[in-house]
*Asks:* 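Can you read through this structure? Questions will come right after.
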Amino acid sequence: MTVLDAIKARHSVRRYKDIPLDPISTAQLQHDIEQCNEKYNLSIQLITEEPNAFSTLMGKLGKFSGVRNYIALVGAKNDPALHEKLGWCGEKLVLKAQCLGLNTCWVYMTYSKRKANIQIGPGEKLVCVIALGYGETRGKAPKRKSTASLLTAPEPIPDWFIRGVKAARRAPTARNKQNFHFTLLSGNQVHLESKGSCAELNAGILKYHFEAGAGTESFTWV
């Protein structure tokens with residue numbers, strides 16, 4: 001499965017089977033986490049076989065069940081780009097998990113930070129987590145806005161730009177609001193406007209999808 005295949009196949013899943021992660025998948029996810037941490041100075045962590053974070057009232061309110069594994073998105077409080085970095089790296093890991101036959105769900109509020117087994121160092125903060133495991137279902141696609149409504153570009157619109165927006169259209173965003181817009185400027189420069197809840201985190205997720213669809217060699221970010 002390619003990244004673009006994973007983008008098409010991946011949907012949020014909240015109910016998981018009581019099956020441990022296989023060692024190969026665990027090792028591959030840990031490898032990618034270590035790469036992200038080293039490159040972007042983050043403290044992302046893979047937590048396995050830990051049921052307490054989602055076994056509280058908050059987890060039930062979020063309609064979660066069977067969650068024993070999750071990825072904790074942690075980084076330096078004083079990093080102005082922290083949320084965008086974590087969004088980008090988190091979605092990279094989400095799609096890697098999809099390629100490995102796992103299911104995921106971005107979780108911002110409906111889990112217990114106090115009961116979670118996460119190491120948060122001095123000067124660091126936990127932004128959110130990603131539930132992870134073998135889903136009882138594969139999830140289903142939410143209602144999405146049209147590609148045309150999510151972009152502004154002069155005619156003729158380059159194919160790479162359309163591919164990028166189509167990939168971003170499938171990205172998970174807070175409450176599935178899709179409160180974002182891509183604009184193509186002169187010199188193949190692309191501007192992303194992300195608004196609303198979790199705007200900076202969403203921006204990182206959207207940028208990862210857009211880059212996968214468009215190809216990073218096709219443009220530069222503004």
*Asks:* For side chain to side chain donor-acceptor pair (under 3.5 Å), just list the numbers for Thr220 and Gln189, CA-CA rounded to whole Å, side-chain angles, deciding distance to a tenth of an Å, and then say yes or no.
*Replies:* CA-CA 5 Å; Thr220 55; Gln189 297 181 91; 4.6 Å; no
*Asks:* Output all residues satisfying side chain to side chain donor-acceptor pair (under 3.5 Å) with His11, sequence neighbours left out; order by chain, then residue number.
*Replies:* none
*Asks:* With the side chain counted from C-beta on, respond yes when Leu42 and Cys89 share a heavy-atom pair under 4.5 Å apart, and no when they do not.
*Replies:* yes
*Asks:* Given Trp106, which of Leu201, Asn202, Ile71 fulfils the side chain to side chain contact (heavy atoms under 4.5 Å, CB included) condition?
*Replies:* Leu201
*Asks:* If two hydrophobic side chains count as joined below 4.5 Å and joins carry through other members, does Tyr108 share a cluster with Leu86?
*Replies:* yes
*Asks:* Which distance, rounded to the nearest 0.5 Å, do you find between the CZ of Phe161 and the NZ of Lys166?
*Replies:* 12.5 Å
*Asks:* Decide yes or no for Val129 and Ile118: does some side-chain heavy atom of the first lie under 4.5 Å from some side-chain heavy atom of the second?
*Replies:* yes
*Asks:* Using a 4.5 Å cut-off on heavy atoms from C-beta on, say whether the side chain of Glu34 contacts that of Gln30.
*Replies:* yes
*Asks:* Give every donor-acceptor pair under 3.5 Å between a side-chain atom in residues 51-61 and any protein atom, sequence neighbours left out.
*Replies:*
residue : atom : partner : partner atom : Å
Asn52   : ND2  : Glu50   : OE2          : 3.3
Ser55   : OG   : Pro51   : O            : 3.4
Ser55   : OG   : Asn52   : O            : 3.1
Thr56   : OG1  : Met58   : N            : 3.4

*Asks:* From Glu200 CD over to Glu84 CD, what is the distance, rounded to the nearest 0.5 angstrom?
*Replies:* 7.5 Å
*Asks:* Closest approach of Ala81 and Asp79, non-hydrogen atoms and distance?
*Replies:* N-OD1, 3.0 Å
*Asks:* Check the surroundings of atom CG in Asn41: do more than 12 heavy atoms from other residues, nucleotides or ligands lie under 6.0 Å from it?
*Replies:* no
*Asks:* Which heavy atom in Gly133 sits nearest to a heavy atom in Leu21, and how many Å separate them?
*Replies:* CA-CD2, 4.0 Å
*Asks:* What is the minimum heavy-atom distance between Ala212 and Ile7, and which atoms define it?
*Replies:* CB-CD1, 4.0 Å
*Asks:* Strictly distance-based, threshold 3.5 Å: is any side-chain N or O of Asn103 a donor or acceptor partner for the main-chain N or O of Arg138?
*Replies:* no
*Asks:* To check you understand the geometry: which heavy-atom pair defines the closest contact between Ala168 and Leu206, and what is its length?
*Replies:* O-CD2, 3.6 Å
*Asks:* Check Ser146 against Ser149 and note the closest heavy-atom contact, atom names and distance.
*Replies:* O-OG, 2.7 Å
*Asks:* Side chains of Asn179 and Ser194: closer than 4.5 Å at any heavy-atom pair?
*Replies:* no
*Asks:* Among Leu46, Val107, Thr104, which residue satisfies the side chain to side chain contact (heavy atoms under 4.5 Å, CB included) criterion with Ile130?
*Replies:* Thr104
*Asks:* Measure the spacing between NZ of Lys177 and SG of Cys198 and express it to the nearest 0.5 Å.
*Replies:* 12.5 Å
*Asks:* Could you tell me whether the side chain of Val74 reaches within less than 4.5 Å of the side chain of Val127, counting heavy atoms only?
*Replies:* no
*Asks:* Please assess Leu100 against Gln28 for the test side-chain contact (heavy atoms from CB on, under 4.5 Å), listing each intermediate value before the final yes or no.
*Replies:* CA-CA 9 Å; Leu100 294 170; Gln28 291 193 32; 3.5 Å; yes
*Asks:* Taking atom types as modelled, find out whether Glu211 and Trp221 have a side-chain donor-acceptor pair closer than 3.5 angstrom.
*Replies:* yes
*Asks:* How long is the straight-line distance from OG1 of Thr173 back to NZ of Lys145, given to the nearest 0.5 Å?
*Replies:* 8.5 Å
*Asks:* With side-chain contact (heavy atoms from CB on, under 4.5 Å) as the criterion, how do Asn69 and Ile47 come out once you've worked through the C-alpha distance, each side chain's angles and the decisive distance to 0.1 Å?
*Replies:* CA-CA 6 Å; Asn69 312 289; Ile47 313 298; over 6 Å; no
*Asks:* Test: ring-ring contact (aromatic ring centres under 6.0 Å, His included). Region: residues 179-208. Which pairs qualify, not counting sequence neighbours?
*Replies:* Trp88-Tyr208, Phe180-Phe182, Phe182-Phe210
*Asks:* Heavy atoms only: give me the nearest Leu82-Ala76 pair and the separation to one decimal.
*Replies:* CD2-O, 3.2 Å
*Asks:* Below 4.5 Å, heavy atoms only, C-beta onward: do Leu102 and Leu132 meet side chain to side chain?
*Replies:* yes
*Asks:* Are Val94 and Met109 connected in the hydrophobic side-chain network, where two residues link if heavy atoms are under 4.5 Å apart?
*Replies:* yes
*Asks:* Going from CD1 on Ile33 to OG on Ser43, what distance comes out if it is rounded to the nearest 0.5 angstrom?
*Replies:* 11.5 Å
*Asks:* State whether the number of non-hydrogen atoms from other residues, nucleotides or ligands found under 6.0 Å of Arg15 atom CZ is greater than 12.
*Replies:* no
*Asks:* Heavy-atom count check: over 12 atoms from other residues, nucleotides or ligands less than 6.0 Å from Arg144 CZ?
*Replies:* yes
*Asks:* Just do the side chain to side chain donor-acceptor pair (under 3.5 Å) check on Tyr70 and Asn117 with the steps written out, would you?
*Replies:* CA-CA 10 Å; Tyr70 49 92; Asn117 184 25; over 6 Å; no
*Asks:* Between Leu150 and Phe219, is there a shared hydrophobic cluster once you connect ILVMFWY residues whose side-chain heavy atoms come closer than 4.5 Å?
*Replies:* yes
*Asks:* Any chance you could lay out the side-chain contact (heavy atoms from CB on, under 4.5 Å) test for Leu184 and Thr152, step after step, and finish with the verdict?
*Replies:* CA-CA 6 Å; Leu184 178 60; Thr152 298; over 6 Å; no
*Asks:* Ignoring hydrogens and angles, tell me if any N or O in the side chain of Asp5 forms a donor-acceptor pair with the backbone of Thr2 under 3.5 Å.
*Replies:* yes
*Asks:* With a 4.5 Å heavy-atom cut-off, do Cys36 and Lys92 have their side chains touching?
*Replies:* yes
*Asks:* Apply the test side chain to side chain donor-acceptor pair (under 3.5 Å) to residues Glu217 and Trp160: give CA-CA distance (whole Å), side-chain angles for both, the deciding distance (0.1 Å), then the verdict.
*Replies:* CA-CA 10 Å; Glu217 74 283 354; Trp160 63 263; over 6 Å; no
*Asks:* How long is the gap from OH on Tyr134 to CD1 on Ile19, to the nearest 0.5 Å?
*Replies:* 7.5 Å
*Asks:* Return yes if some donor-acceptor pair links the side-chain N/O of Gln35 with the main-chain N/O of Asp32 below 3.5 Å, else return no.
*Replies:* no
*Asks:* Sort out for me which residue in Arg10, Lys96, His209, Lys207 forms a side-chain hydrogen bond (donor to acceptor under 3.5 Å, both in side chains) with Glu91.
*Replies:* His209
*Asks:* Flag yes if more than 12 heavy atoms outside Glu49 fall under 6.0 Å of its CD atom; otherwise flag no.
*Replies:* yes
*Asks:* Is there side-chain contact between Ile157 and Glu155, with at least one heavy-atom pair below 4.5 Å?
*Replies:* yes
*Asks:* For Tyr16 and Cys105, what are the C-alpha separation, side-chain angles and deciding distance, and is it a side-chain contact (heavy atoms from CB on, under 4.5 Å)?
*Replies:* CA-CA 11 Å; Tyr16 293 86; Cys105 186; 4.1 Å; yes
*Asks:* Donor-acceptor check, side chain of Gln178 to backbone of Arg169, threshold 3.5 angstrom: yes or no?
*Replies:* yes
